[in-house]
Each structure stands twice: as C-alpha cells, then as structure tokens.
Amino acid sequence: MSQVAPPLTAPPLTAAERAAMLRVDQAGEFGATRIYAGQQAVMGTRSPMARSIARMAAQEERHRQIFDRMIVARRVRPTLLTPLWDVAGFALGAATALMGEKAAMACTAAIETEIDAHYGEQLDRLGDNDPELADTIREFQAEEVEHREIALAAGAEQAPAYPLLSAAIRLGCRTAIALSKRI
Ligand SMILES: [Fe+2]
Ligand SMILES: [Fe+2]
C-alpha cells in the first residue's frame, strides 16, 4: 500500500465524480459481503479459516453499512447492478471455496489487491476535497490490506492454478469497478 500524503492541490471534485465514487464503493463493499457469504455457505463455521473469514466478513458488513448511510445522506443513486453483484459475489465466493481453502484465500488476496489500488486512486483524486469520504476510504483501505495479508499468510499463493485464478478474479474485479461507477 502506498501511504503517500494526499496532494493538497487536487482539483475540485464535480458532483458527478463524487457520486460515482460513492456508487462504486457502496457496490464494492456490498459485493465483498456477498463473496464472504458464498465462502461461508460452502465452508461452514468449523473450518480452520472460519473464524478469520467471519471477522473479515464482519468488517465488510460495517464498510457496507457506512457507505449505505453515506449514499442515502448524500442522495447518490446506488448502482443498478446490485442484483448482479449479489449473485456474482456469492457465486465467486462459493466457487472458490469449493476449490478449497487456499483458493478461497486466493480470491480474497486478488480482490483486496484491486480494492487497495482502487481506494488509493480515489484518495489521490480526493486530496483535501472531501475529508469525510477520504477518512472513511483510508480507514477501510487499511482493513482491506489487512485482509490481503491474512489471505496470503493462509497460503493463497499455493492455491491450484494460482496465477490464472488470481488474474481472472482481478480482471473481474476491475470490470465490476468500471461498470459500477457508471451504471
Ligand atoms: Fe471492505
Ligand atoms: Fe476486505
């Protein structure tokens, strides 16, 4: 994670830019809760990783709730793709869990790599424009980085076909981000 101080000279944010940021972030945190729900549905509560997954899932739930409140307070339209992320997130979590615990961890590591980069880009763009949003993103970004570290420590990189699996999930995540900004 790059901890570069935000530029104090970031150009002012348009209302559309701000709305797109919140829209994609709310969608992403919702998707994260669905991924963990899919993993938990397959892995249950007894696997060695279950406690760690439950803790990460609880943090994602909090992220989602805070962005839910912010999009309401700021009258931002949520993405129309919520039903898609509901199903796709759950399916991704369940499918990787079915491949095994290491694949489930590879999924988390791949997603959080993209989310770390995504939040980093948003913080660069925000600068000092919107301290409430920037502080929220900075706090969540630190937790996403922690999730990636947990997943890597749990053997994500030993998952079957890790490079291919990781690249596919990262591409899917970037696509979801691009779509949720606009739609
Ligand atoms: Fe999150
Ligand atoms: Fe996360």
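Numbering of ligands and ligand atoms starts at 1, following listing order. All values derive from a computational prediction rather than experimental measurement. Only heavy atoms go into these numbers, but all of them, side chains included; no hydrogens, no water, no symmetry mates.
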*Tally every protein N/O/S atom whose distance to the Fe ion (ligand 2) is less than 2.8 Å; waters are neither shown nor counted.*
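That number is 4, waters not included.
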*Can you name the N, O or S atom of Glu29 that is closest to the Fe ion (ligand 1)?*
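The nearest such atom is OE1.
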So, are [X] and [Y] salt-bridged, with charged N and O less than 4.0 Å apart?
X      : Y      : result
Arg62  : Asp68  : no
Glu60  : Arg55  : no
Arg148 : Glu114 : no

*Counting only heavy atoms not in Arg74, do more than 12 sit closer than 6.0 Å to its CZ atom?*
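Yes.
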_Arg75, CZ atom: more than 12 neighbouring heavy atoms under 6.0 Å_ =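 Open.
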*Sub-4.5 Å side-chain heavy-atom contact between Phe140 and Asp25*: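 No. Closest side-chain heavy atoms not under 4.5 Å.
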